[in-house]
Amino acid sequence: MPTSVLDAYRYFGPEGVLSNALSGFSFRSSQMQMAQAVDNVLHRDGILLAEAGTGTGKTLAYLLPALLSERKLVISTGTKTLQDQIVKREIPALTEAIGVHPKVECMKGLSNYVCRRRFHELQVSTARPRSPNLPLLEHFVAHTLIGDRAELAHIPEEDPTWLEIQSGSDTRIGPRCDFFEPCFVTRMRQRAEDAQLIVVNHHLFFADLAMKATRKPGVLPEFEAVIFDEAHQLEDVATQFFGVQLSASRMERLVRDAERSYAAADLVQESAPALKNLLARTSDFFALLGAQVRSATPNARVSLPPEALTTEVKSAFFELDTALTLLVERSRKHASKSESIAGIAKRTAALREDLSRIIDCLGSDYVAWVKWKGRRCTIGASPVDVSGTLRDELFHRARAVVLTSATLSTSGRFDFIRGRLGLADEDVAEFMAPSPFDYPRQAGLYVAGEIPDPRSTEYARIALKEIERLIRIAKGGAFVLCTSTRAMETLAVELRLILNSDYKILVQGEESKNTLLDRFRQDEGSVLVGTGTFWEGVDVPGNALRLVILDKLPFGVPTDPLVEARCSRLAAQGQAPFMKYLVPTAALALKQGFGRLIRSESDRGVVAILDSRLVKKGYGRLLLRSLPRARKCSTLDEVQYFFRHMQDDSVDREGSTPL
């Protein structure tokens, strides 16, 4: 283990290395202290929880000690956007400044890379019509060096042809594949083996961790230390990857791949009945299950209770299981003729196992659920508690772990996040740095205290009027962030009716996230209506964003099967689920939503929360205590005063602005 300890002042001090080398660098004592805390863990092993308020400069604070540590180290980020920013911008500037140039590799989830074998099978296949995008894809595969989907700017994100050629843990064959050596994923893994620093995102990290937990080969090489940025997301991501989900679409992709594999081996006639039967049994099972369990809310999970498995549904399940078994046996029979067919056998067996896990888990430590998107149904099973899994599979195995985010604490303590991640009884170092921004001067906080309770029938009508007035006061430049997709869609329609002649209304889902953000930045009078996608991980510094409206407090949906199961478990342990789980999770989400507003020292604006429970309920004080100390605005007149004078440093910083 390396023995050197970082001289943080030498690098981060007012006249330090970074001050002289990086344009725009400014001294922040909290950044220097965080870098020292990270370095201590990397050199002495252990676990660090580090909350760094917006503007602290946490990325540089963990990157510099990581680059100097000489350890095999993984940095895991919350989004691919942040991942690319670190690899393409932050690390090159930092390595140039400090004169250290370790090997760095960026690894994304396998579905971001084209599979040469699947692409070849698509090229030669006669089983389906030729894709109109095939010439563009052929040019891409012939000229790309890394095979990353991000290079295909002119093909829509949900293009069906890409789904036919993307890589994946279930489609990879391994060394026996004819395309193994030139495979983009193989080459990425080889580069990662040689790298000192590997940058990934949470989805890839936990997909890899879940595979290794079941003794399957993973994607990431062995490492000594890991740094998690946006670590507040870890419980949700771990829950996703240590669970299982299955959809008719996944079945259909398997059948399409099987058709191509069998066609390449001249076995179309022999395989056709089995594949046709599998599609029919899939359709029957999901249709019958859907008749038993259907959500009134699109894309919302609902519980899959044991009583939903009626005699008819069980019969359809057994028939589907039989159809999968037959395809496994047929594919194993012909596996010697084609590695691709051998891969189909493994995929089908894994899919059959996933289906059984979901059905068999009812009433166990997992919660089974159903989710509808349009006419498509997905079923899944999620672990109620991942704390033990994280403790055993991650924290007890990695020698050094750093968890950092702008939102890790609730009421000034790390107790909640420690409990959720399995660290309650662990020896953990803690670091907390408030944001260096002057919130009483830069930000106003308006809570609509007289608005009806969000659960009342009058709320939507009155909230719409409030939102309209706020947008007109700020003259646009607003995020309107909703706690549900249904609320977002309804609100977007209403706002376009009453504001479209004055303001451009952008809506999540109508274009890609990056396109919407680009359009929002370019038009300082626009309004963006969104949900969870824009509550966190979005950076719009400057005057383009000067108003953030949160429609309701972001409590977990009490009818969501996972939320319900976690609350029930706490109640069974004699704890109060609302105060021990729902309030702390809402506090973290509320801090994230608030954090969209002030991104630099020159930013000014208002966060408006249209939920009177924040001032009328006792728990509201706990939520307010988690937010930055912005200047309170009790009325819309005070909001208007703030906007008129928000560049005036002489305005009173305490309490409400005098009128």
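The figures that follow rest on heavy atoms only: side chains count, while hydrogens, waters and symmetry mates do not.
Scanning for side chain to side chain donor-acceptor pair (under 3.5 Å) contacts around Q640 gives an empty result, with sequence neighbours left out. D392 meets the side chain to side chain donor-acceptor pair (under 3.5 Å) test with no other residue; sequence neighbours excluded. Annotation: salt bridge (charged side-chain N to carboxylate O under 4.0 Å, His left out) contacts of E601 (sequence neighbours excluded): none. D236 pairs by the side chain to side chain donor-acceptor pair (under 3.5 Å) definition with nothing, not counting sequence neighbours. Under the ring-ring contact (aromatic ring centres under 6.0 Å, His included) criterion, Y9 pairs with no residue, sequence neighbours left out. With sequence neighbours excluded, the residues forming a side chain to side chain donor-acceptor pair (under 3.5 Å) with R519 are E511, listed by chain and number.
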For residues 91-102, run the donor-acceptor check on the side chains, cut-off 3.5 Å, and write out each pair with its distance to 0.1 Å, sequence neighbours left out.
unit_1: T95; atom_1: OG1; unit_2: I91; atom_2: O; d: 2.9
unit_1: T95; atom_1: OG1; unit_2: P92; atom_2: O; d: 3.1

Donor-acceptor pairs are to be reported for all side-chain atoms of residues 200-213 against protein atoms at under 3.5 Å, with residues two or more places apart or in another chain.
unit_1: N201; atom_1: OD1; unit_2: H203; atom_2: N; d: 3.2
unit_1: N201; atom_1: OD1; unit_2: L204; atom_2: N; d: 3.1
unit_1: N201; atom_1: ND2; unit_2: Q83; atom_2: OE1; d: 3.0
unit_1: H202; atom_1: ND1; unit_2: S76; atom_2: OG; d: 2.7
unit_1: H202; atom_1: ND1; unit_2: T77; atom_2: O; d: 3.1
unit_1: H202; atom_1: NE2; unit_2: D229; atom_2: O; d: 2.8
unit_1: H202; atom_1: NE2; unit_2: E230; atom_2: O; d: 3.3
unit_1: D208; atom_1: OD1; unit_2: V219; atom_2: N; d: 2.5
unit_1: D208; atom_1: OD1; unit_2: L220; atom_2: N; d: 2.8
unit_1: D208; atom_1: OD2; unit_2: K212; atom_2: NZ; d: 2.9
unit_1: K212; atom_1: NZ; unit_2: L220; atom_2: O; d: 2.9

Side-chain donor/acceptor pairs under 3.5 Å, residues 427-435, sequence neighbours excluded:
unit_1: E430; atom_1: OE2; unit_2: R418; atom_2: NH1; d: 3.0
unit_1: S435; atom_1: OG; unit_2: T54; atom_2: O; d: 2.5
unit_1: S435; atom_1: OG; unit_2: F437; atom_2: N; d: 3.1

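The residues D45 and R71 are annotated as salt-bridged, a charged nitrogen and a carboxylate oxygen being separated by less than 4.0 angstrom. Under 4.0 Å is where a charged nitrogen must lie from a carboxylate oxygen, and between R189 and E193 no such pair does. Using a cutoff of 4.0 Å between basic side-chain nitrogens and carboxylate oxygens, E224 and K72 are not scored as salt-bridged.
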- Task: Decide yes or no on salt bridge (Lys or Arg N to Asp or Glu O under 4.0 Å) for D518 and R521, but give the supporting numbers first.
- Result: CA-CA 5 Å; D518 287 342; R521 292 185 184 104; 3.4 Å; yes
- Query: Stepwise, does the side chain to side chain donor-acceptor pair (under 3.5 Å) test hold for S600 with S602?
  - Reply: CA-CA 5 Å; S600 73; S602 61; 3.3 Å; yes
- Message: Working note: D7 + R10, criterion salt bridge (Lys or Arg N to Asp or Glu O under 4.0 Å); need CA distance, chi angles, decisive distance, verdict.
- Response: CA-CA 6 Å; D7 179 359; R10 177 192 168 205; 5.8 Å; no
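Checked against the 6.0 Å centroid criterion, the rings of Y619 and F555 qualify as a close aromatic pair.
Applying the salt bridge (Lys or Arg N to Asp or Glu O under 4.0 Å) test to pairs two or more places apart or on separate chains, those with a residue in residues 78-94 are D84-K108. The stretch residues 197-206 participates, sequence neighbours left out, in no salt bridge (Lys or Arg N to Asp or Glu O under 4.0 Å) pair at all. Pairs passing the salt bridge (Lys or Arg N to Asp or Glu O under 4.0 Å) check and including a residue from residues 545-557, sequence neighbours excluded, do not occur.
Each of R596, H232, K591 was evaluated against E536; a single residue qualifies, H232, per the side-chain hydrogen bond (donor to acceptor under 3.5 Å, both in side chains) test.
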